[in-house]
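Just so we're on the same page: letters track the sequence lines, and every chain starts at 1.
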Amino acid sequence: MNFSEIFKQSNQLCRISPDGRYLATCVQYRLVVRDVNSLQILHLYTCLDQIVHMEWSSDSLFILCAMYKRGLVQVWSLEQPDWHCKIDEGSIGLVSSRWSPDGRHILNTTEFHLRVTVWSLCTKAVSYIKYPKACQKGIDFSRDGSYMALAERRDCKDYVSVFVCEDWHLLRHFETETQDLAGLEWSPNGCVLAVWDSCLEYKVLLYSLDGRLLSSFSAYEWSLGIKSLAWSPSSQFLAIGSFDEKVRILNHITWKKITEFEHPATICSPKTVVYKEVEKRPVRLHIITRNVCPTDEISQPPFQIPVVKPDLDRANPKVGVSSLAFSADGRYLATKNGGFQVHALSWHSNGDSLVLIGKEHLCLCYMDTEDKSTDSNIWTK
Amino acid sequence: MSPLGHFSQSEAPSLSGHRSPFVLTSFCTEDNVLECRSYINQEVSSLGLRAVWTPTDGPAELNVVAVLNSLYELIQLHRQGLRALDDMEVERQRSASNTELLQLSNTRLKGQLELSKRENTSLLEKERQLQLKVKNLQSCLKNEKEEVQRLQNIIASRASQYNHDMKRKEREFGKLKERLNQLLVDKKEKKQAMEVLNYVERADGKRSMWKTGRTEARHEGEVYRTLLSDYDARQRELVLENSEQRKVLQQMKRDMVSLLRGSKPARREETPGDPQTQVRGEGDSEDSEEVFESSCVDAREKLTNSIRLKWRKLKSHMERLDSQASLVQAGEGAEPDAVPLETHGQEMERLKLEIQQCKDFIHSQQQLLQQRLTSPCEEEEAAAIPPGSPMQGEGGRPGERGRLGEDWRALEEQRTHFEKERKTFTEAAIRLSHERMMFEEDRATWLKHQFLHWTPFTDQNQPEMTEGEQEAASVFSPECLPGSPSPETSSSPRCQALQTQSTADPYRSLPPSPESRYR
């Protein structure tokens, strides 16, 4: 593996364009666009303030740079470097900014989540959406980009609004039976919207595209509930990870639980393969410091996972299944349970390898595609 | 026996015998006064009292004083006896009443003991039950405590979550208030605005449209179209799955029917499912008919019902087979269905015969193997078999035959070898006998020569001669010449061995030996 030279960046803002040809990085208030293959700087843009958020448009033609303190959003074009666009939210403030799926609209959420403003780059039309909800995942676009679901809260009740992204027409607006809506997610086929409650109540509601309630699922009462949720790529299964360290899978026909996965501290099953990361002391050279790859051991069952018991008295305890990711073909489900320092899980698009991103390390896990047996637990320290 | 009775038997035959001691009228008469007197004397003295009559008194007279004294003493004795009797009576009565009393008290105490034992057991039982209850209650208490603990934990976590949320909201509220204050104070209000150099085209290149009722209808239509296409796709999948499963069910039904028909040829009962089976059997190959029928709820139910019926029949059949097998194993009575039992018996016989045959075969093989193993030295000698033997590499029976052939060949070789050896030995023996004969002739000639040339004059040569004679004699001593030569030894070592033998009486043995030789 070859390494390039080190480039500066700030705020961990490095994004490769959706078509994979460009790499954009932010350095303080500058936006640097490079070619992916040669890493030559193609464009350099300067913004008015330190960039806090940067995002490519879906067709890789525009880049959005948001500066929350100033309430500014600047948009740059790759085709026309002279083109510029500046959105000033004024005194109303700015909390988050994102592209719409068609790459021509920008959704700005004002401070205190007062409203969401939809700015268009094509027309002068501006749309306002009132009372958006400030929660874990309040906005979600369907995979084909035609619909947007937005969580709202007014008069101590939760609502969901479904918009048509073409012209921001409000399609449906309905109340949900949640106590405190924490998030919503479209299924990959765009026909079902999963809405889940906050962790104080375990409840998942499934709504059809036209707003009808299809089903609701609740595994237990009183204990802390859902922590994470993921759809399978075929929309056939919904995986729910909860604070009781279990993952429950629902099927799309009856919306009932078909199976349950546990994360026990002692793994006794002989079919399980456990890899343990053994950290070696990093070798320090004078000029370059590089960490030696920690070797993995394959341990024999029964295997005891060293679990650090988290402080349950604090809010949002570091217990439970916090990340879920289905592989692209839907054969594997990767889950992260407990307080392990894994910040992100993502699969390669061919479904054979998985990237685990930790605080200081990165781990690539390759699935043995010849071995058809399931149940492989990947655990890193 | 009263002494009177005794007396009446032994001494006074004239006395008439009233046994009762109270009637004494005919004891003494005028004739037997003297005998009576002596008798009385005897009796009185035996009782330890003074004698009634002493010979110092007159022969026919009684000592009245003595008589009266003894009478008085007798009366006293009698009174004493009566008193003793009374006392004893009283004693007896007292003891009888005592025993009665004791018996009564004994039975009463026994009853009490029984009662108390029963009470004891019942109390123990109660105690045990109470202990069980206590244990149950303790476990319930533990469970409840655990439940309480769990609920307390839940409450604690929820409380911390609420607190956290509350704090967050308060913070946000505080910020909001500050902002509001700021806005109120702030004079100039910056409005929202967007500056753009020029508007760009839409991503899909189309022009944006006005929001009209038509577009709204179009959107609705789009929504429903998406949903409908999704449902269509799902329905198609389900139909496919359904048809596959139906095919599997049909297959299963056909298999079950064939199984049942094959195992029960005698059964001809017509169940409600059968006509349909036949009907269905005809129409099975036609897929279109199936598809048509699949839409009909009745047909679906019929299929499932017929499968259920067949399955139940199969199950009952299997159960019957199992019970038959177990009965046959137990060796009990006859089944109403005797045909399978007979075939089963025949099968058993056949299998037993087979087993016996196999056992015999194994036994014979073992014996052969044993024979082969008991002669290892022959095998070792036969190791000089040419390695390029054609049969050596083949396994199984041909290999064994090859090995046997090799062994046979080896044995044959050994036999020829032994024959040769024997021939050589016989030849050697013949040669030996020839030589001996020659030697004998020589000896005879020599002896003759000696005898003819024998002189009374003893020379210095004689000790040599005597040695030579000794040698010759020792060679020809009769005990040294057994009949047949043994093949292991040859003639020359024998002569050496014979020289060491004693030559005690060479001269004595000398004359008879030639005679014996030539006899």
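Around CZ of Phe174(A), the count of heavy atoms belonging to other residues, nucleotides or ligands within 6.0 Å exceeds 12. Around atom OH of Tyr131(A), no more than 12 heavy atoms belonging to other residues, nucleotides or ligands sit under 6.0 Å away. Under a cut-off of 6.0 angstrom, the local environment of CD in Glu79(A) is sparse, with at most 12 non-hydrogen atoms contributed by other residues, nucleotides or ligands. Counted within 6.0 Å of CD on Gln251(B), heavy atoms from surrounding residues, nucleotides or ligands total more than 12; the atom is thus considered enclosed.
Nearest heavy atom pair, residue Thr123(A) against residue Tyr199(B), reads O-CE2, 3.3 Å. Across every non-hydrogen atom of Cys85(A) and Val196(B), the tightest pair is CB-CG2, 3.8 Å. Across every non-hydrogen atom of Ser120(A) and Met194(B), the tightest pair is O-CE, 3.0 Å.
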Check the pair Glu220(B), Arg172(A) against salt bridge (Lys or Arg N to Asp or Glu O under 4.0 Å), reporting the backbone distance first and the verdict last.
CA-CA 10 Å; Glu220(B) 290 286 320; Arg172(A) 289 285 188 278; 2.8 Å; yes
Walk me through whether Trp222(A) and Arg150(B) qualify under side-chain contact (heavy atoms from CB on, under 4.5 Å).
CA-CA 10 Å; Trp222(A) 307 123; Arg150(B) 192 180 67 87; over 6 Å; no
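Note that the CG atom of Asp88(A) and the CD atom of Glu195(B) stand 8.0 Å from one another [nearest 0.5 Å]. The OG atom of Ser77(A) sits 10.0 Å away from the CG atom of Leu197(B) when rounded to the nearest 0.5 Å. In this structure, CD1 in Ile253(A) is found 6.5 Å from CZ in Arg234(B), a value given to the nearest 0.5 Å. Atoms CG and SG, from Asn198(B) and Cys122(A) in turn, are 11.0 Å apart once rounded to the nearest 0.5 Å.
With a 4.5 angstrom heavy-atom cutoff, Leu209(A) touches chain B via backbone and side-chain atoms both. With a threshold of 4.5 angstrom between heavy atoms, Asp82(A) approaches chain B through N, CA, C or O but not through any side-chain atom. For His252(A), the parts lying under 4.5 angstrom from a heavy atom of chain B are both the backbone and the side chain.
Residues Arg179(B) and Ser91(A) form a side-chain contact, since some pair of their non-hydrogen atoms from C-beta on lies under 4.5 Å apart. For the pair His169(A) and Thr215(B), the minimum side-chain heavy-atom distance is 4.5 Å or more. Side-chain contact check for His219(B) versus Tyr147(A): every heavy-atom pair is 4.5 Å or farther apart. Side-chain contact between Leu200(A) and Tyr162(B): present, with at least one pair of heavy atoms (C-beta onward) separated by less than 4.5 Å.
Ser223(A) pairs with exactly one of Leu151(B), Ile154(B), Asn153(B) by the side-chain contact (heavy atoms from CB on, under 4.5 Å) rule, that one being Ile154(B).
Donor-acceptor pairing under 3.5 Å is lacking for the side chains of Ser146(A) and Glu222(B).
Between Glu166(A) and Arg218(B), at least one side-chain nitrogen of the basic residue sits less than 4.0 Å from a carboxylate oxygen of the acidic one, meeting the salt-bridge criterion.
Counting heavy-atom pairs closer than 4.5 Å to chain B, the top residue among Asp102(A), Leu224(A), Asp59(A) is Leu224(A). If you tally non-hydrogen atom pairs under 4.5 Å between each of Asn108(A), Asn189(A), Leu171(A) and chain B, the highest count goes to Leu171(A).
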